[in-house]
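Chain identifiers are assigned alphabetically (A, B, ...) following the order of the sequence lines, protein sequences preceding nucleic acid strands; residue numbering begins at 1 within each chain. A quick note: this is a predicted structure, and the numbers were derived from the prediction, not measured.
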Amino acid sequence: MALKMVKGSIDRMFDKNLQDLVRGIRNHKEDEAKYISQCIDEIKQELKQDNIAVKANAVCKLTYLQMLGYDISWAAFNIIEVMSASKFTFKRIGYLAASQCFHEGTDVIMLTTNQIRKDLSSPNQYDTGVALTGLSCFVTPDLARDLANDIMTLMSHTKPYIRKKAVLIMYKVFLKYPESLRPAFPRLKEKLEDPDPGVQSAAVNVICELARRNPKNYLSLAPLFFKLMTSSTNNWVLIKIIKLFGALTPLEPRLGKKLIEPLTNLIHSHSQHRDLTGICASVSVLISLSSGMPNHSASIQLCVQKLRILIEDSDQNLKYLGLLAMSKILKTHPKSVQSHKDLILQCLDDKDESIRLRALDLLYGMVSKKNLMEIVKKLMIHVDKAEGTTYRDELLTKIIDICSQSNYQYITNFEWYISILVELTRLEGTRHGHLIAAQMLDVAIRVKAIRRFAVSQMAMLLDNAHLIASNAQRNGICEVLYAAAWICGEFSEHLEEANQTLEAMLRPKVTTLPGHIQAVYVQNMVKLYASILQQKEQAGEKEAAQEITQLMIERLPQFVQSADLEVQERASCILQLIKYIQKLQIKEVPVAEEVIALFAGELNPVAPKAQKKVPVPEGLDLDAWINEPPSDSESEDEKPKTIFHEEEQRHSRHRQPEIDEEELARRREARKQEQANNPFYIKSSPSPQKRYQDTPGVEHIPVVQIDLSVPLKVPGMPMSDQYVKLEEERRHKQKLEKDKKKKKQKKEKRGKHHRHNSLHTESEEDIAPAHHVDIITEEMPENALPSDEDDKDPNDPYKALDIDLDKPLADSEKLPVQRHRNVETLKSPDSEVPLVEKKSKKPKKKEKKHKDKERDKGKKKEKEKKVVEEEEEEKKKSSKHKKKKHKKEKEEKSKDKKKSKKKSHHSEEEPPESVQNGTLEDEPLPVSSCAQTYDIQGNLQNDSQVTVSVIFENKSTSFLKSMELNVLDSLNTKMLRPEGSSVHDGIPVPFQLPPGISNEAQFVFTLQSIVMAQKLKGTLSFIVKNDEGSTHEKLDFKLHFSCASYLITTPCYSDAFAKLLESGDLHMSSIKVDGISISFQHLLAKICFHHHFSVVERVDSCASMYSRSIQGHHVCLLVKKGENSVSIDGKCNDSTLLSNLLDEMKETLSKC
Amino acid sequence: MAFCVEMTQTICILLTDRFKASEVDGLRLLTHFVFYNLLCCALSILFSKMYFLPQSEDTQQQIIRETFHLVSKRDENVCNFLEGGLLIGGSDNKLIYRHYATLYFVFCVDSSESELGILDLIQVFVETLDKCFENVCELDLIFHVDKVHNILAEMVMGGMVLETNMNEIVTQIDAQNKLEKSETFIFQSPRQDR
């Protein structure tokens, strides 16, 4: 055995390491695959060894192979083994491999949770660091949930190296587990002011990344960032902050105003030093700021001016960035960019493709009615010159984008556009044939006036199809023939030489085209044939009609033989049809009318989202089962059952739901309605078409006849230029006429200025389109619901992070924490709430306290909670019993104290120094005050019990022990004491308190009635132990049970709420509070938070709210906000409870 | 050789232009030398949009190949930015590269990063490599892939820039190497770790 082991380790000495592997691969260039598979076999052997060093070496080699493109997921388990090695060297190899090959689908990843947790808490900072780095690559939602709290703890690690990594990884955790954002945010915010610049930069990085997606939630951080910006010297941080401000300014204009001046100055100073990089940086900032503010054209002007300098610079990087920045301005201030058209057109000639593409992008936004033709003409020249298909394709798509943008807004002459499209078909080897085809179809369908022209052009294309389809290379472009054939067929009534076109379509060459195009050919041949037939019949030329039929019969068989199923099917179908027509023709029966009827009706464009927007008819539940789903008893056959029983079951399954006559009628009506709205449904009456007559009528607009003197072009010759000329002449004429009119108008009325849309210059508006082009809008179903929602990607991971961060943390939002088994002495009635018990342990006592708190909070879901603070002080007791919400007057100092207390409660971090109570200074007791914070929780399970959790904090420098809490019971409210003890006995607090430490104990009270607020007096007695000895001390306090503390936030749906109000067994009462200045939103939040209500419905400045008491009273509120006042109408089963509640609310609100 | 690191916003790819002219089968060779550090989760974000699958080795290789294709075609005196289009996840992303002798350093970043900033970052990366390897050359990177990864891990984590201060990076790397060395001494005899 021992010998074997020795032998094993000697063998291992000859193992390849990574360097050997790399060398080997380089030396086996010829048979690399073979060599690598051999290596992988070796690695598999090595992985079977027990020696971790050997394994690590193997994994290291695997990592390299993975980079070469080999799959190593089979070794995932071995990687985890190496990750869990105790040595850093191996650990690092393991994590590196994991970061490369693990992803969300890796199933073994769940095995890593505990290992990672162990590494995160490792005393060696590099173990932690390497775990964090690895985790950042493969964090899954599960890992994020389980480890969020551990990482959050690391955010306040002593080593900045760990802190910065922990901060940065939180972004990944947020993405995977958005619920962690709110609890972690306060700490993240703290890290913005971390002493270490690296940590600070990481925090800025994370917040900027978050804010980029949902800027509005981070507005409150603006002052902090402003401070950072002025103090930070780190360029990275500065850039990030400035980018963040760019996102924030559109939401908060004041911010922009504050920033704009220093930046403008900065640009000027850079200009003086000719520091172009500096200009570049600051200009891009200024742009992002100014674009948020519409009336800062001066700064925009400055930007554009400086950008010009950048673009003209010889440094290509600056040129690129200048153009990039320009495109940002373009979005908001298109006019200021348009004046630099020359420069941008010049950039189109640049040798650098990136720059050309940028310039193209800019052109898109620069077109107007006036310059569209000119710009496109330039682009066409570039298309001809361009080398390399990528760039040319890019040009082509841009030309089409530019022309078709916002519903062909800038096209004044569609004949010109069609001719441009036709010219584009001459491009060699483009991939975008289908794009051109789509445009042709779109224009021909939607612009009625252009159809005649389009058809003539398309006929020409079909005639010259051999040019287009000849070259195998030009395959992409033959898509155009698809459009051409369809247009010629569909609008065949506009065709001049239909016969000729039909013959062109029947050429044998056509059979070489792709199947789907042939299919369209075949279909449209018939349309064409039908219209020719009609023409001939009407003209009485029977022989010509028969000739054309004969032609079809002769040529169609070539399509019948097609290998493409679609073509074959259509062709044979049509062939039979035409043969039948021929028979009829021989009998001299007029058939044209019937044939043409096959293709009657018009096709309207349907909006792409139309289907989605068809509203669900009332009464139709799409989620309801039509037939009952098969029951779970699928495995019936396996279980022997009585036959009768089985039959019974089956019977019930097949039973149809019974429907009454009325329901049927209603459904029929709904179906009719639906059919009427369905464009694909053939209807008896043309009712849906009527809709179009309501819209600016297609029919009513005088369609200008196309001037036939326009030379129909000879194939192969560019002709769009001619249109440009014609258009210019036309515009000139128009202008002259307009001028005349204007002069007249001016005489008539002066001073009345017509306001123009800022986007259009005056001269632009004057350009009337050549034809009254009537662009048919896309069809939408009737009563389609307008919604923008469908544009949003439901899978967007960033949407989940759109969380309001200013809201106080709710109890349910706490991160899941690893905790110890619950060791409470007092049995709390809430213990039914399941707790997740986990094993890991935390070293610090302080944290333990937090955990206790959190555990407690975790339990409080559904339970009301109330934080009341109380200070013990015998003499000034009454004035010191402060309920946070109920009392107005406060000493300044105690207010401070409260604030810090409150903060500590939410951020779970105690302020380091205990806040001294003002009164103590008067009375220097050896014991300084011991603060108590208490929560009163109602208990759903038991309607007459509440639990009071008291947090004791020792603020003195002495040791406190033997604490006993006693409360003077009232008739209504009694403290639950252990059996056998009298009402005068106190309950011992189950812990001792060293100085500066706090802990929590819970006490249960029973109550009879909850309709009134209660106050209980109590005493805390304890022994103070310090160097001089120990003394017995007493502390008096009051517990205030407000009515609100008996309420439990319960969600309520509006319909249930309405029913409740209608039921009539509720008492009503109302209050009105004046002088409220806070926003309604804020107000509602206050009521929800302090009084445990939930909002049922909110309409403008009116909201209905609901809550329930522990004894089941319903409380409904109607809150209305007026100018400066708020009125609250309440309804409740118990009038006393209601009036008490409203009084409490009044007090809360009057403090606002 | 090529080196590619993927980050949420950032892929870093190192390419040598050695096979541009000298090797016949440049692309095939490229894949031999290509290695990249994938900060995986970042990649799956990027890829889920394009391929609906977690990243596969093939798509990674394709990205590298295409990137090499794009970058190696560029002239000397053009800008350092490239819009890769769909390949790298849409128009929000762009390639920013720097060319050092036989090496290309390519980062793929989204719009939240400053272009000039990334150029600086590449500079820092190269200088750090230079310091850690003492006059770095291509072969260093090829034979010590893991070390390059470790250095990059100190600069970029999960696709986000972690540290830009070179001294800080070098300090941490040195400390880790020292730690590793002290361990190596122990595991000379392999049985220790059983």
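- Chain B forms more heavy-atom pairs under 4.5 Å with one residue of L168(A), V167(A), V22(A) than with any other, namely L168(A).
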- [ ] Report the C-alpha separation of T63(A) and D146(B) in whole Å, then their side-chain angles, then the decisive distance to 0.1 Å, and conclude whether the side chain to side chain contact (heavy atoms under 4.5 Å, CB included) test is met.
- [x] CA-CA 9 Å; T63(A) 313; D146(B) 46 345; over 6 Å; no

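- There is no contact between D120(B) and chain A, counting heavy-atom distances below 4.5 Å.
- Within the 4.5 angstrom heavy-atom criterion, only side-chain atoms of N124(A), from C-beta onward, approach chain B.
- With respect to M157(B), the side chain to side chain contact (heavy atoms under 4.5 Å, CB included) criterion is satisfied by exactly one of C137(A), S99(A), S136(A): S136(A).
- At least one side-chain heavy atom of V161(B) sits under 4.5 Å from a side-chain heavy atom of N205(A).
- Contact of the V78(B) side chain with the S354(A) side chain is not registered, since no non-hydrogen atoms from C-beta on lie closer than 4.5 Å.
- Counting all heavy atoms, side chain and backbone alike, I355(A) lies closest to C79(B) at CG1-SG, 4.3 Å.
- Only the side chain of E168(B) has a heavy atom closer than 4.5 Å to any heavy atom of chain A.
- For F88(A) against E183(B), the heavy-atom pair with the smallest separation is N-OE2, 2.8 Å.
- Ion pairing between a basic and an acidic side chain is recognised when a charged N comes within 4.0 Å of a carboxylate O; K87(A) and E180(B) show no such pairing.
- Taking the side chain as every heavy atom from C-beta outward, F81(B) and R358(A) never approach each other to under 4.5 Å.
- Annotation: maximal heavy-atom pairing with chain A below 4.5 Å, among H144(B), E115(B), E154(B), E163(B), occurs at E154(B).
- For C60(A), the part sitting under 4.5 Å from any heavy atom of chain B is the side chain, from C-beta outward, and nothing else.
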- [ ] Please report the C-alpha distance between L179(B) and T89(A) in whole Å, then the side-chain angles of each, then the deciding distance to 0.1 Å, and finally whether the side chain to side chain contact (heavy atoms under 4.5 Å, CB included) criterion is met.
- [x] CA-CA 8 Å; L179(B) 179 64; T89(A) 319; over 6 Å; no

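- Residue contact with chain B, scored on non-hydrogen atoms closer than 4.5 Å, is absent for I93(A).
- In this structure, chain B has heavy atoms under 4.5 Å from both the backbone and the side chain of R23(A).
- A distance-only check finds no donor-acceptor pair linking the side chain of Q316(A) to the backbone of N80(B) [under 3.5 Å].
- Enclosure of atom NZ in K178(B) is not indicated, since only 12 or fewer non-hydrogen atoms of other residues, nucleotides or ligands lie within 6.0 angstrom.
- Contact of the L162(B) side chain with the T133(A) side chain is not registered, since no non-hydrogen atoms from C-beta on lie closer than 4.5 Å.
- With a 4.5 angstrom heavy-atom cutoff, K319(A) does not touch chain B via any of its atoms.
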